[in-house]
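Below is one structure; the comments refer to it alone.
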Amino acid sequence: MLDFDHGEDARLLQETVRGFAEKELRPRLREVEKAGAISPNVEKAWHGLGASVLSLPEDVGGAAMGESLEVLVGEELGAGDLGTAMALPGPGAFGLCVQHLGTPAQHALWLKEFANDPHLRGAVAYSEKPAKGQSPDGMATRATRAGDGFVLDGVKHPVMYARNARWFVVFAQVEGAAAGADGLGAFVVDAKASGVKVGEKLGTLALDACGLATVTLQGVRVGPEARLAGNGDFKAGLMQVLARAGLRGAARVVGVSRAAYQMAVSYAETRTTFGKPIGHHQGLAFLLADMATAVDSMRWLTWHAAWALDQKHPDALTAAARAVAEVAETGMWLCNQAVQVHGGAGFIQDLPLEKWMREAKAMMNHALSPQLADAWGAAGLLEKPLSSADAFPLSNVQPVLL
Amino acid sequence: MLDFSLGESQQNIKSMLNWLAKEKIRPLSEKADREHDWPNEFLRELTDMGVSAGSLPENESVGSQKDTKGVKQTNRTSVVAIEEIAFGDASVILSLPGPGLGGPPVKFMGTPEQQQRFLSIFRQKDRNRWGAYGLTEPGAGSDVSAIAATCRKDGNHWVLNGRKCYITNGARAEWTVIFATMDKTLGRAGHRAFVVEKGTPGFSVGKVEQKMGLRASETAELVLEDCRVHQDNLLGGDAHYAGKEGFMGAMKTFDNTRPMVAAMAVGIGRAALETAAAFANEHYMLDRPIPRYTQIKDILARTARKLDAARLLVWRAAWMADLGQPNAKEASMSKVYAAQVAQQATIDALSVVGATGMERDYLLEKWFRDIKVYDIFEGTGQVQRIVIAKRILENLKSF
């Protein structure tokens, strides 16, 4: 039965996170961007809500909740500030990799501490720098067999949270496995392990507080317990990771779109030109109507995909792909229009709008690019199976943030 | 007869500026953006090479070459040149020494004496000099007729009060053309344009803005507090304001400058497209199908056709300006279209190259930040649509 209401408990969680975002994230958004970091107190306040371990399994201290609540929380965080929301500590995509590619024993190794440590982060080292002549099949980073373990060698770039992560999940081409995407493996590496070098923070368009850097691995030894083998279906597991990471990112983009839209509507009611509020000029009224419609359309796509994943619906991955692609493109358009509504003032850094526009662009490279998401969506629509090569981001051709 | 080829002199200018863009301008781009300024010596070097943004009579020497019908090609040549420099870095154009946007009002409204007095300083070679254009106010952007800066006659002087914002080169300009009103109730008929010189008591610089893009271009607030300006600095003198000319003087210049701004947008869009296409060629064009290559090809193809259309709209508006034909609609079309297409080009280019495109030294992310303002300044896209709509709907007098 169709029901667009989350229910009372979910609403309480939503209000709590909204309050946190309004009080702790929005007022500090420029400060966080400039410092490239969130203050420890804010990290503690976020952790204290209990929402960062929402969907971790109960046996590692999580709430075992589903994506439906994750996207509710994500939207409120994004509405406070997208850049800060993406920089908050917590399991993130690292946690998703361990959860969906790892065994319960591996969950215990790397997920337990998130419930207790407010500043803990993990990172996913997936992408590589495009280099001329490099094969786009699979990855340049290699996992060579050494006894019953592996030795990792390669350069990962860019890696989100690299500067603050305690652990990395490193994706690499496994020696002796199939060529290309079918031969990928994932390994948990301690950031302080011998042979791991984290570079300086990258200067980027946006997401300054996310600690992006290059991670170089030289002869990094890992034991067999470090390999996240995918529980018998690595491709399916990785697609779950990408779908969920993408969807949670999309939820944050819905949030920032809502915030940008609200700011635009407010401005349009007070700023006057030619004798009336600018929002009363039909051209702008129509634009604002389109923006309002866009926010809602983005939200329902995201909620529907989250519900589908929670229901283990057979079309859940297609739903997630559609949401991620649509939200990425629409969020970009909307944040651009929100700047536009404000005219010159939108271009100046006194307002957050230009920052949100930059962040919306950055999020188009998060987890699933619209091109990859549409490839999933087309495969779903046309009922064609997806090969690994078609299902995974091309790490060194169209790098993603994870 | 229909001809879309560039003339020889235009080709030569384009080649020269393309070399300049790639070899001289782009290597300095990231630093200029980060430090919010272009080195003075570099700007001097460009000026010495003949690259200038001004409207000084002698700078027309190249553009004043006539086409096969005997018509001067000033505007057509300008838009070709401007696209090429912007292909390197658009903020360079805004930072070039010269009267800048202040030039056209002095030229179109000023007396011969005023033109000589205010424009001759840019011929001096001892240091870089800028002019500026002070129209916009915190409460008057799109609605130019709502300007609130006041001017009051007091003997041989005028007393100016008010605040101007978002003025390019406002902090370093030798003079700024300031628009003020004698009487708000008179609407546009009450507007007057003054050349206010740097150092005039009561004339000061307020905030210098931190912007999303074009960071190497100076954008400043100007404050007028009982600023006394001599009658001789009233552009055009009293006679000029007998009719509607006061307001129209400000607006008329846009018909020439809007295609030039649009040309900058095309340059930025083309920079993004060419970078993305080169990336695709290097990393996607291999001897077997790469996943998502078709989508990438489609994105690039769509960007290319829209940029072509944008460029042609710019050329057409410039051609009409050269012929002396009223071109407000065409100028606005070129600007509204080019700004949006170029913005999308930067978005799409960043998609094609993926996450590494976000890095500052890649320049692509800078172009994404730079292009946004092109749908805002010199008339927002919304204002351009009003200009167009009023000319396509015969009975539409106002909204």
Side-chain angles (χ1 to χ4, degrees), chain A residues 127 129-136 157-158 181 202-207 212 272-275 278 281-284 287 332 336 339-340 343-350 353-355 357-358 361-362 364-366 369-372 374-375 387 389-394 396-401, chain B residues 30 34 136 138-143 145-146 165-166 207 209-214 219 279-280 282-284 286 288 290-293 295-296 299 343-344 346-347 350-362 364-366 368-369 372-373 375-377 380-382 385-386 389 398-399:
Chain A
S127 294
K129 203 165 192 173
K132 198 169 182 164
Q134 195 169 290
S135 166
H157 175 101
L202 297 170
T204 50
L205 170 67
L207 304 180
L212 272 87
T272 60
T273 57
F274 309 107
I278 60 173
H281 293 288
Q282 214 169 51
L284 271 194
L287 176 60
M332 178 74 261
N336 180 10
V339 171
Q340 187 69 16
F347 194 67
I348 307 291
Q349 294 187 323
D350 292 356
L353 294 161
E354 63 84 32
K355 174 179 186 286
M357 184 176 167
R358 289 186 279 115
K361 177 65 241 183
M364 288 179 80
N365 294 326
H366 179 253
S369 67
Q371 289 73 47
L372 177 56
D374 277 346
S387 67
D390 281 327
F392 301 163
L394 295 171
N396 57 16
V397 182
Q398 195 187 29
V400 288
L401 303 173
Chain B
E30 190 271 327
R34 197 173 2 103
T136 298
S142 295
D143 191 357
S145 64
C165 64
Y166 309 154
K207 227 169 129 225
E209 304 288 359
Q210 302 298 309
K211 308 189 299 290
M212 177 181 190
L214 293 184
T219 306
F279 181 93
E282 213 164 285
H283 299 291
Y284 282 89
L286 297 182
R288 62 201 178 293
I290 303 300
R292 269 113 40 220
Y293 177 52
Q295 286 153 300
I296 298 301
I299 289 172
Q343 177 79 73
Q344 193 59 43
T346 63
I347 290 170
L350 280 165
S351 290
V352 168
V353 310
T356 47
M358 273 186 19
E359 289 169 60
R360 288 216 183 97
D361 50 17
Y362 210 79
L364 202 39
E365 67 85 24
K366 184 181 99 66
F368 167 82
R369 290 186 286 107
K372 178 58 213 168
V373 76
D375 204 17
I376 298 176
F377 66 11
T380 62
Q382 282 66 37
R385 287 175 178 89
I386 292 174
S398 69
F399 282 91

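Taking 4.5 Å as the limit, every side-chain heavy atom of A:Met364 sits out of range of all side-chain heavy atoms of B:Leu350. In this structure, A:His281 and B:Ile386 have side chains that are not in contact, with every pair of non-hydrogen atoms separated by 4.5 Å or more. Within the 4.5 Å cutoff, the side chain of B:Gln382 has heavy atoms near those of the A:Gln340 side chain. For the pair B:Lys207/A:Asp350, a side-chain contact is recorded, criterion being any heavy-atom separation below 4.5 Å from C-beta on.
When the candidates B:Gly357, B:Ser142, B:Gly141 are compared by the number of heavy-atom contacts under 4.5 Å with chain A, B:Ser142 comes out ahead. Highest contact tally toward chain A, considering only B:Ser351, B:Gly354, B:Ala355, is held by B:Ala355 [criterion: heavy-atom pairs under 4.5 Å]. Taking chain A as the reference chain and counting heavy-atom pairs below 4.5 Å, the highest number among B:Gln210, B:Glu359, B:Lys372 is found for B:Lys372.
Contact of A:Ile278 with chain B is not made at all, since no heavy-atom distance falls under 4.5 Å. At a 4.5 Å heavy-atom cutoff, the contact between A:Ala345 and chain B is made by backbone and side-chain atoms alike. The parts of B:Val373 that come within reach of chain A are both its backbone and its side chain, each placing non-hydrogen atoms under 4.5 angstrom from that chain. For a residue to count as touching a neighbouring chain, one of its non-hydrogen atoms must lie under 4.5 Å from one of that chain's; by this rule A:Leu401 touches chain B with backbone and side chain alike. The contact between B:Gln343 and chain A is made entirely by side chain atoms (from C-beta outward), counting heavy-atom distances below 4.5 Å. Neither the backbone nor the side chain of B:Leu364 comes within less than 4.5 Å of any heavy atom of chain A. Looking at B:Phe368, only its side chain comes within 4.5 Å of chain A, counting heavy atoms on both sides.
Side-chain atoms of A:Gln371 never come within 3.5 Å of backbone atoms of B:Gln295 as a donor-acceptor pair (strictly under, hydrogens ignored).
Note: A:Gln398 CD to B:Ile296 CD1 = 4.5 Å, rounded to the nearest 0.5 Å. Between atom CZ of residue A:Phe347 and atom CG of residue B:Leu214 there is a gap of 5.0 Å, rounded to the nearest 0.5 Å. Taking OG1 of B:Thr356 as the start and CG of A:Leu202 as the end, the distance is 10.5 Å to the nearest 0.5 Å. For the atom pair CZ (B:Arg369) and CD (A:Glu354), the distance works out to 8.5 Å, reported to the nearest 0.5 Å.
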Run A:Asn365 and B:Met358 through side chain to side chain contact (heavy atoms under 4.5 Å, CB included) and show every step you take.
CA-CA 9 Å; A:Asn365 294 326; B:Met358 273 186 19; 4.1 Å; yes
Would you sort out whether B:Ile376 and A:Val339 count as a side chain to side chain contact (heavy atoms under 4.5 Å, CB included), showing the intermediate values?
CA-CA 9 Å; B:Ile376 298 176; A:Val339 171; 4.1 Å; yes
